[in-house]
Structure formats: C-alpha cells, structure tokens
Amino acid sequence: MRDADKIKRMTMAERRIWIEVSRELRELEQWAVARSAHLEEAAEELKRGKANLKYNPGEASEGLLAQRQANFDTCSAELNETLDELEAAKARLLPLSGEVTGDE
C-alpha cells in the first residue's frame, strides 16, 4: 500500500506520529547524503595530494597530504556517525510507525 493511502486511513494522532517519524528519518538521510558527498570530495583531494607528493616530494607536500588525510578521516568518521544515528533512529522509530500503519 502506498504511503498516501496509509495516511488517509490514519487518525489524527497516528498522522502526527507518522509525520514525526518521516521528518526525523528524512533529516538524517539528508545529513548522510551531504556527508557522503563531503567524503567523496575529501577522497579526491587526498588522491590529488598523493599524486602531488609523488611528483613534488618535500615537506610542503607531506604537510598538505597529512592535512588532506586528516580531513578524509574526519569526513569518514562523521559519515559513519550519521549512518549509526540513522540506523538507531530507524530501530527506534520504524516499529512505532509500523504500529500506526498496521504493518509488521
């Protein structure tokens, strides 16, 4: 059954729950997408940094590579944290959503 059909059959209280669940999950999913994009950008910068070190060895290139590696590690940790939050939210909220819609 489509979500629109499910919502039509819900009481006002059930709709409030459904909307809140959908809103929280959608926000976390948007954060995950944004952080995934940042991770991809950081990976490209890291790749360029490694190439730069290969063709321009020296302390400056090593420092730049270290910064890019740290940025990549930070972006990776943020994405993993967001994905963990999303999974925890799904585990917490989707059973509630299923009770409202009668899904099992």
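- The CD atom of Gln69 lies 10.0 Å from the OG1 atom of Thr74; values are rounded to the nearest 0.5 Å.
- The pair Arg92-Glu24 counts as a salt bridge, with a side-chain nitrogen and a carboxylate oxygen less than 4.0 angstrom apart.
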Check your understanding: Do Leu93 and Ile17 pass the side-chain contact (heavy atoms from CB on, under 4.5 Å) test, and can you show the C-alpha distance, the side-chain angles, and the key distance before you say yes or no?
Key -> CA-CA 9 Å; Leu93 296 171; Ile17 292 169; over 6 Å; no

Exercise for review: Take Arg16 and Glu20 through the side-chain contact (heavy atoms from CB on, under 4.5 Å) test and state the conclusion after the steps.
Suggested key: CA-CA 6 Å; Arg16 283 190 199 115; Glu20 189 60 35; over 6 Å; no

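- Minimum heavy-atom separation, Ala32 to Leu83: CB-CD2, 4.0 Å.
- Atom NZ in Lys47 sits 12.5 Å away from atom CZ in Phe72 (nearest 0.5 Å).
- When Glu87, Glu85, Arg23 are each tested for a side-chain contact (heavy atoms from CB on, under 4.5 Å) with Leu28, only one passes: Glu85.
- Between atom CD of residue Glu81 and atom CG of residue Asp84 there is a gap of 8.0 Å, rounded to the nearest 0.5 Å.
- Leu86 approaches Leu25 most closely through the heavy-atom pair CD1-O, 4.0 Å.
- When all heavy atoms of Ser76 and Leu39 are compared, the pair lying nearest together is N-CD1, 3.6 Å.
- Between Leu79 atom CG and Glu40 atom CD the span is 9.5 Å, to the nearest 0.5 Å.
- Atom CG of Leu64 and atom CD of Glu45 lie 9.0 Å apart (nearest 0.5 Å).
- Residues Glu29 and Lys90 meet the side-chain proximity criterion, which asks for heavy atoms closer than 4.5 Å.
- Side-chain contact between Arg48 and Arg68: present, with at least one pair of heavy atoms (C-beta onward) separated by less than 4.5 Å.
- In summary, the side chains of Ser61 and Asn52 do present a donor paired with an acceptor at a separation below 3.5 Å, with no hydrogens or angles considered.
- Side-chain polar atoms of Asn71 and Gln67 form no donor-acceptor pair below 3.5 angstrom.
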